[in-house]
> 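Sharing a structure, written as structure tokens. Questions coming.
Nothing here was measured: the structure is a model prediction, and the numbers come from that model.
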Amino acid sequence: MAGELRGGVIGAGVFGGYHAKKYADLDGVSLAAVFDVDLARAEALAGPLGAAAFDDMAGFLAAVGVVTVATPAIYHAQSSKAALAAGKPVYSEKPLATTTADAGAVLAAAEAAGVILACGHQERVVFAAMGLLDIPERPLRLEAVRKGTPSTRNLDVSAVLDLMIHDIDLAMALTEAQPVSVKAEGSADAVRAETTFDDGYVVVLETSRVAADRERTIKIVFPSGEVEIDMLTRAFRNTTPYALIEDFTETPAGKDPLGASVGGFLAAVRGESPRPVVTGEEAARALDLALKIEAAAGI
């Protein structure tokens with residue numbers, strides 16, 4: 001796609017606002033339109049940014065060239081399929097869908113249209129900014145804790161699809177192995193899971209959205225050493241022989257992971273990059289494991 005891209009955002013909530021501002025601020029793209037079933041809400045977001053507001057999907061899709069889906073998670077697949085059917089490249093917020101069948105339908109729609117499908121697992125950008133994705137060893141074990149205090153947002157899905165899926169994607173980005181067993185316990189709001197992969201890699205994830213305090217830690221064990229990071233305090237311990245970027249928050253991608261993720265999507269759309277940061281296929285793989293964890297926990 002040559003020339004300035006015309007960006008459109010489906011969903012005028014909090015994340016829709018973040019994405020609309022990225023389209024308004026990034027080079028090579030402009031915010032053309034915002035869609036929401038509540039036209040007044042679409043107008044409140046679009047107007048100050050100089051974009052058009054729609055509550056008619058056909059009119060919205062005719063006004064844009066690329067689409068971000070930032071609706072509640074239960075509508076991600078429906079919105080993505082509509083945009084893909086219209087031939088628009090799509091950047092969907094995570095999760096890609098809430099069922100494996102819907103994820104498959106979204107992937108099929110992208111393939112049929114021959115356009116880019118990306119997913120907003122933007123913490124992959126953070127791992128890349130640290131240099132973790134460049135370590136030339138397969139991990140032996142990954143442990144991640146992601147806890148947040150109670151919120152009224154994203155309650156349409158469990159904490160697995162809301163929070164844990166970030167760490168599922170990160171864990172799977174470090175290996176090509178396949179999960180072979182899943183054990184989990186908990187509730188829709190707090191889950192602990194252990195997944196074993198076919199090469200022996202073990203991933204232990206703990207997530208809560210009803211915790212008393214925020215906690216966000218990652219520990220990765222490699223054959224040559226360990227990496228341990230407190231993502232809240234930025235405390236960093238690395239005993240591997242591989243140099244990592246401890247001040248990653250000062251890098252452009254570390255300062256603005258969402259901007260880097262959206263920028264990667266747009267670069268793929270323009271043909272300047274062979275792929276977005278996270279592909280639809282990778283997002284579907286993370287979703288599949290997330291749903292297996294839900295099932296194991298009885299959610």
> Determine whether L232 and R214 make a side-chain contact, defined as any pair of heavy atoms from C-beta on separated by less than 4.5 Å.
yes
> So, taking the atom named CG in L289 and the one named CG in L205, what distance separates them when rounded to the nearest 0.5 Å?
8.0 Å
> Please answer whether the main-chain N or O of A296 pairs with a side-chain N or O of K183 as donor and acceptor at a distance below 3.5 Å.
no
> Closest heavy-atom contact between A118 and F265?
CB-CD1, 3.8 Å
> I'd like to check L107 versus E281 (side-chain heavy atoms, cut-off strictly below 4.5 Å). Are they in contact?
yes
> Is R141 paired with E226 through a side-chain N to carboxylate O contact shorter than 4.0 Å?
no
> So if you build clusters from Ile, Leu, Val, Met, Phe, Trp, Tyr with side-chain heavy-atom gaps below 4.5 Å, do L244 and F222 land together?
yes
> Using side-chain heavy atoms (C-beta onward) and a distance below 4.5 Å, is V9 in contact with Y23?
yes
> Could you check whether the rings of F15 and H19 sit parallel, tilted or perpendicular, using 30° and 60° as the cut-offs?
tilted
> Membership question, hydrophobic clusters at under 4.5 Å side-chain separation (ILVMFWY): are V106 and V90 in the same one?
yes
> Whether the T240 and N238 side chains hold a donor-acceptor pair (N or O, under 3.5 Å, no angle test) is what I'd like checked.
yes
> If you measure from CG on L287 to OG1 on T98, what distance do you get to the nearest 0.5 Å?
7.5 Å
> Is there a path of hydrophobic side-chain contacts, each under 4.5 Å between heavy atoms, that joins M130 and V221?
no
> So that I can tick it off, tell me whether K147 and D213 are bridged by a salt bridge, with the cut-off set at under 4.0 angstrom between side-chain N and carboxylate O.
no
> When you check the side-chain N and O atoms of Q122 and H166, is any donor under 3.5 Å from an acceptor?
no
> How long is the span from the CG atom in D36 to the OG1 atom in T71, to the nearest 0.5 Å?
9.5 Å
> Could you please spell out the steps behind the side-chain contact (heavy atoms from CB on, under 4.5 Å) verdict for L132 and I220?
CA-CA 10 Å; L132 279 168; I220 310 170; 4.2 Å; yes
> Check whether L96 and V278 end up in the same hydrophobic cluster, where Ile, Leu, Val, Met, Phe, Trp and Tyr are linked by side-chain heavy atoms less than 4.5 Å apart.
no
> Taking the side chain as everything from C-beta on, heavy atoms only, tell me whether L5 gets closer than 4.5 Å to R270.
yes
> Within the side chain of T175, is there an N or O that forms a donor-acceptor pair under 3.5 Å with the backbone of M172?
no
> Evaluate the side-chain contact (heavy atoms from CB on, under 4.5 Å) criterion for residues E194 and V202: first the C-alpha distance (whole Å), next the side-chain angles of each, then the deciding distance (0.1 Å), finally the verdict.
CA-CA 7 Å; E194 181 175 315; V202 175; 3.9 Å; yes
> What pairs meet the salt bridge (charged side-chain N to carboxylate O under 4.0 Å, His left out) rule with one or both residues in residues 112-124, with sequence neighbours excluded?
E123-R146, E123-R216, R124-D169, R124-E282
> About how many Å separate NE2 of H121 and OG of S92, when rounded to the nearest 0.5 Å?
8.5 Å
> Output the distance between atom NZ (K88) and atom CD1 (I116), rounded to the nearest 0.5 Å.
15.5 Å
> A side-chain contact here means heavy atoms from C-beta on lying under 4.5 Å apart; do I245 and T251 qualify?
yes
> Taking atom types as modelled, find out whether E137 and S224 have a side-chain donor-acceptor pair closer than 3.5 angstrom.
yes
> Hey, mind stepping through V160 and I299 against side-chain contact (heavy atoms from CB on, under 4.5 Å) and telling me if it holds?
CA-CA 9 Å; V160 176; I299 298 172; 4.2 Å; yes
> Quick check: are there more than 12 heavy atoms from other residues, nucleotides or ligands sitting under 6.0 Å from CG of D56?
yes
> Does A177 offer a backbone N or O that forms a donor-acceptor pair with the side chain of D199 under 3.5 Å?
no
> Applying ring-ring contact (aromatic ring centres under 6.0 Å, His included) as the test, list every pair that has at least one member in residues 180-212; sequence neighbours left out.
F197-Y201
> Linking I/L/V/M/F/W/Y whenever their side-chain heavy atoms sit closer than 4.5 Å, directly or via other members, would L26 and Y18 fall into one cluster?
yes
> Find out whether V66 and V64 are in side-chain contact, i.e. whether some heavy atom of one side chain is under 4.5 Å from a heavy atom of the other.
no
> Check this for me: E111, atom CD, are more than 12 non-hydrogen atoms of other residues, nucleotides or ligands nearer than 6.0 Å?
no
> Quick one: CD1 on I10 to CZ on F54, what's the gap to the nearest 0.5 Å?
12.0 Å
> Is Y91 close to C119 at the side-chain level, that is, under 4.5 Å between some pair of heavy atoms?
no
> Are R234 and D230 ion-paired here, with the side-chain N under 4.0 Å from a carboxylate O?
no
> Any chance OH of Y75 has more than 12 other-residue heavy atoms, nucleotides or ligands included, within less than 6.0 Å?
no
> Scan side-chain atoms only and decide if S158 and E294 contain a donor-acceptor pair under the 3.5 Å cut-off.
yes
> Carefully, step by step, assess T68 and K22 under the rule side-chain contact (heavy atoms from CB on, under 4.5 Å).
CA-CA 11 Å; T68 286; K22 291 304 171 191; over 6 Å; no
> Heavy atoms only: give me the nearest A110-L117 pair and the separation to one decimal.
CB-CB, 3.8 Å
> Within a strict 4.5 Å, meaning less than it, do heavy atoms of the E143 and I218 side chains meet?
no
